[in-house]
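Structure record follows, encoded as structure tokens.
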Amino acid sequence: MNSRLATLILCAVSLTCSTANTQAVTPSAPPALVLGAAWYPEQWPESRWDADLDLMQKAGITMVRVGEFAWSRMEPSDGHYDLDWLDNAVTAAGRHGIYTVIGTPSAAPPAWLTQKYPETLRTLEDGRKDQHGNRQQFNWANPKYRQLSRGMAEQLAKRFGHNPWVIGWQIDNEYANVSFDDATKAQFQDWLKARYSTLDNLNARWTTSYWSETYSNWNQVPIETKYGNPGLLLSWMRFVSDTWRSYQKNQTEVIRANSEPRQFITTNMMGWFDGYDHYTVSQDLDLASWDDYVGQGQLDPYRNGAAHDLTRGFLRKNFWVMETQPGFVNWQKINNSLDKGEVRAMAWHAIGHGADAVSYWQWRSALNGQEQYHGTLVGPDGTPVPLYTEVAQLGAEFAKAAPALAGTSVKSDVAILHSYDSRWAINWQRHNTNYDPVSEIVSYYKPLRDLSQSVDIVSPSVSLTQYKLVVAPGLNVLSDAEAKNLIAYVEQGGNLVLGQRTAMKDADNTLQTQRQPGPLASILGGRVEQYYALTDPIPVYGAWTEGSKPTGNKTVATKTAATSSDWAELLSTQSPDTKVLLRFGKSNGWLDDQPAAITRKVGKGSITYIGAYLDPTTMTKAAKWMLDISHVQPKLGKLPEGIDVYPREGPNGKVYILVNFNKSPQTITLPTPMQDILNGGTKTTLTLPTYGVSVLSTQ
Ligand code: GLA
């Protein structure tokens with residue numbers, strides 16, 4: 001441990017250190033790596049603030065997010081605003097060199113508002129009205145609620161839009177709950193009218209002649225969320241997404257009109273949560289951010305890492321972790337703590353995936369309220385909990401590494417395509433209850449990340465030309481424009497791999513009249529003859545299942561017990577140059593020895609279809625094959641298993657963040673000597689303990 005860190009930790013623990021600067025400070029640009037905490041000054045007397053901010057400063061915290069549930073304090077009665085306390089809090093934080101992100105408080109409307117404007121309450125799907133006492137009880141489509149939340153956001157923007165310590169805005173908090181009232185239903189019907197123009201068109205595209213669903217008046221169209229017509233289900237989710245977008249815009253407009261462009265606008269999203277289309281909602285934001293919680297268990301670097309990459313893909317640039325757990329949460333069945341060292345490893349894992357900020361929820365528990373048991377950085381007595389020192393270590397490390405990481409971002413040769421339409425469509429009709437579209441994505445992601453060391457996750461509508469390899473694990477719903485995008489990518493020399501259930505549906509969630517993969521079947525020179533939900537894994541054999549192992553002084557050929565689980569698609573080749581890579585073994589008769597994966601070269605590019613849900617070993621071999629044909633090399637070279645590397649690149653060179661997720665120490669030999677940013681010196685080998693982190697630079 002270096003001496004500065006030792007001093008910081010000592011200061012933090014003893015509370016007697018006088019290094020904190022409580023004089024007025026003039027803000028410079030915020031640091032390139034931000035360490036933050038959710039702070040609720042409204043819950044504490046002003047006389048306590050300096051003690052908290054002092055502790056934060058000593059831990060290297062450089063940002064507080066405030067305000068997102070403080071509406072009753074900001075507007076104690078209708079039209080009477082009180083923002084002096086918040087101004088004082090922002091100023092007090094600034095005195096400690098701490099920047100502020102202001103959350104608009106619309107996720108928690110005050111009791112007077114609900115009482116005076118009961119029409120702003122949301123209606124649950126079973127018809128009951130929500131009530132005051134929790135949060136997110138508002139109706140996101142209600143005009144009165146929008147007027148009131150816009151008024152509040154405007155007051156905040158007018159007051160803080162030019163405050164030098166305020167660096168950004170968070171709109172609301174974790175958009176999630178929607179409303180099923182009649183007025184919202186009427187809005188949905190208007191939305192349908194705008195999209196489909198005529199009922200004849202809607203009826204045709206949804207095939208409403210089925211079960212007498214035909215509509216003769218727009219006001220007959222119901223809301224369905226689970227077992228309705230697939231066209232109706234998809235339209236409702238698109239309406240929900242558009243309505244979140246307009247809900248957000250209602251506030252961003254008044255903030256933009258009253259603030260400086262240097263202040264970003266974001267909202268805190270929730271990783272894999274699929275309650276709305278995040279691509280739709282992100283497009284009006286300056287920054288994507290998300291709330292990164294493990295909940296029960298330990299960090300899964302893959303599923304969690306893929307969620308970081310997903311968030312980075314919303315705006316295709318660096319993002320923020322706006323909330324993460326200080327050890328543990330309070331909303332799981334077992335709220336275990338992360339291990340000692342794991343919180344720090346998790347923070348660096350986030351930075352490696354392209355986060356420029358990691359912020360803990362929360363600094364200190366409210367003494368009362370629904371979340372008394374949640375992890376914090378200080379206890380109810382206002383002094384540090386054991387985790388504080390680990391976070392203080394991070395604070396010192398962020399300060400050290402910020403210059404090297406400034407201006408760097410993640411650059412990948414490999415992209416995985418992800419679409420909400422497809423995830424929803426599969427989830428509404430899984431056909432095999434075990435078929436989870438996110439797990440399918442992660443099954444591809446894991447070996448592709450291990451072997452290439454960097455993967456983007458993006459929407460199928462973005463330009464793909466920068467990628468050597470594009471993998472689409474479950475693109476069940478494919479619009480004509482997306483299909484054109486994929487075909488152009490292959491024709492221009494890209495390597496495209498399609499996973500199961502690809503392009504079964506068009507943009508209305510209607511079955512394609514061409515067999516899977518629909519508009520991509522012709523370029524593939526092959527198609528899906530039939531799909532089969534599986535009760536048990538079935539064997540597969542071919543290109544990715546042959547192995548060899550040394551026995552005595554000979555190497556013998558082996559066959560791995562390769563399988564497809566949950567799902568199998570019987571493929572056929574329709575073109576002489578489409579080759580079979582993999583076949584199903586003996587199973588239900590229909591599948592026996594039939595193609596399970598096929599591929600075709602197209603100019604300099606290729607297109608491949610994998611109709612099997614491969615076991616992890618076979619998937620790793622398939623991933624290696626995909627990367628080989630695409631000429632993708634690992635960014636840093638071979639590393640011991642369980643050592644994750646996260647490359648970030650900038651104009652001045654590359655930075656590699658390494659984390660050891662093994663249960664034992666690992667020694668790593670680097671391909672070239674690199675600067676050790678955290679410990680100093682130049683390294684060619686290094687040993688990392690469990691949860692050990694290294695930040696290496698080529699600069
Ligand atoms: C969410 C919310 C926070 C808090 C945390 C607890 O992320 O945004 O307000 O409730 O969960 O884990």
Side-chain angles (χ1 to χ4, degrees), residues 36-44 63-74 100-110 133-138 140 149 168-177 244 247-248 251 265-276 278 281 285 287-299 304 307-308 310-311 319-338 342-343 346-347 350 355 357-380 385 387 391:
W39 181 44
Y40 298 96
E42 70 275 19
Q43 295 167 7
W44 307 99
M63 184 277 296
V64 281
R65 187 200 57 183
V66 301
E68 84 279 9
F69 300 118
W71 196 338
S72 64
R73 186 75 193 271
M74 295 173 178
T100 297
V101 171
I102 296 183
T104 66
S106 46
N134 263 304
R135 55 182 170 179
Q136 298 177 313
Q137 66 269 33
F138 62 90
W140 92 134
S149 52
W169 299 86
Q170 174 189 297
I171 308 297
D172 205 86
N173 190 80
E174 295 189 341
Y175 306 147
N177 290 347
W244 277 121
Y247 173 85
Q248 175 177 267
Q251 296 188 36
I265 302 184
T266 190
T267 191
N268 52 339
M269 300 181 176
M270 289 186 278
W272 292 110
F273 174 70
D274 69 350
Y276 58 89
H278 291 51
V281 167
L285 299 173
L287 176 77
S289 67
W290 78 290
D291 296 347
D292 178 10
Y293 290 97
V294 171
Q296 187 169 330
Q298 313 303 134
L299 178 74
N304 186 268
H308 285 309
L310 173 75
T311 307
F319 63 96
W320 275 29
V321 171
M322 192 57 95
E323 294 181 14
T324 189
Q325 67 192 63
F328 53 91
V329 300
N330 68 320
W331 40 260
Q332 273 291 4
K333 286 197 173 137
I334 301 174
N335 297 298
N336 65 288
S337 174
L338 297 181
E342 194 175 359
V343 164
M346 187 171 165
V358 173
S359 185
Y360 289 92
W361 196 95
Q362 59 176 329
W363 173 250
R364 182 177 178 181
S365 296
L367 294 179
N368 214 323
Q370 280 88 324
E371 296 173 296
Q372 289 169 308
Y373 274 88
H374 201 284
T376 57
L377 295 179
V378 296
V385 300
L387 181 70
V391 172

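Numbering of ligands and ligand atoms starts at 1, following listing order. What you see is a predicted model; the values in this text were computed from it and never measured. Counting from 1, the numbers follow the sequence of the chain as shown.
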| query | Does OH belonging to Tyr373 count more than 12 external heavy atoms closer than 6.0 Å? | reply | no
*Going by heavy-atom distance to atom 9 (O) of ligand 1, choose the closest among Glu174, Gln136, Arg135.*
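When every heavy atom of Glu174, Gln136, Arg135 is considered, Arg135 comes closest to atom 9 (O) of ligand 1.
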If you compare Glu323, Gln332, Gln370 by their heavy atoms, the one closest to atom 2 (C) of ligand 1 turns out to be Glu323
Checking a contact table here: which protein heavy atom is nearest [atom], and how many Å away?
atom: atom 10 (O) of ligand 1; answer: Glu371 OE2, 2.4 Å
atom: atom 6 (C) of ligand 1; answer: His374 NE2, 3.2 Å
atom: atom 5 (C) of ligand 1; answer: Tyr293 OH, 3.5 Å

Exercise. What are the atoms of ligand 1, with element, lying closer than 4.0 Å to any heavy atom of Phe69?
Worked result: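 Taking each heavy atom of Phe69 in turn, ligand 1 has 9 (O) under 4.0 Å.
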Angle between ring planes, Tyr40 versus Phe69, binned at 30° and 60°: parallel, tilted or perpendicular? parallel
message = Do Arg364 and Trp44 form a cation-pi contact, if we require the NZ or CZ to be under 6.0 Å from the six-membered ring centre and within 45 degrees of the ring's axis?
response = yes
Original post:
Is any side-chain heavy atom of Gln170 less than 4.5 Å from a side-chain heavy atom of Ser289?
Top reply: no
- Query: Hey, does the side chain of Gln372 reach the backbone of Leu367 with a donor-acceptor pair shorter than 3.5 angstrom?
  - Reply: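 Indeed, once roles are kept as given, a pair shorter than 3.5 Å links the two residues.
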Exercise. Is a donor on one side and an acceptor on the other found under 3.5 Å between the side chain of Glu68 and the backbone of Ala70?
Worked result: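 No; judged by distance alone, with no hydrogens or angles, the pair does not exist.
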field: Heteroatom proximity flag, Asn330 to ligand 1, N/O under 3.5 Å
entry: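 Asn330 vs ligand 1: no N/O contact under 3.5 Å.
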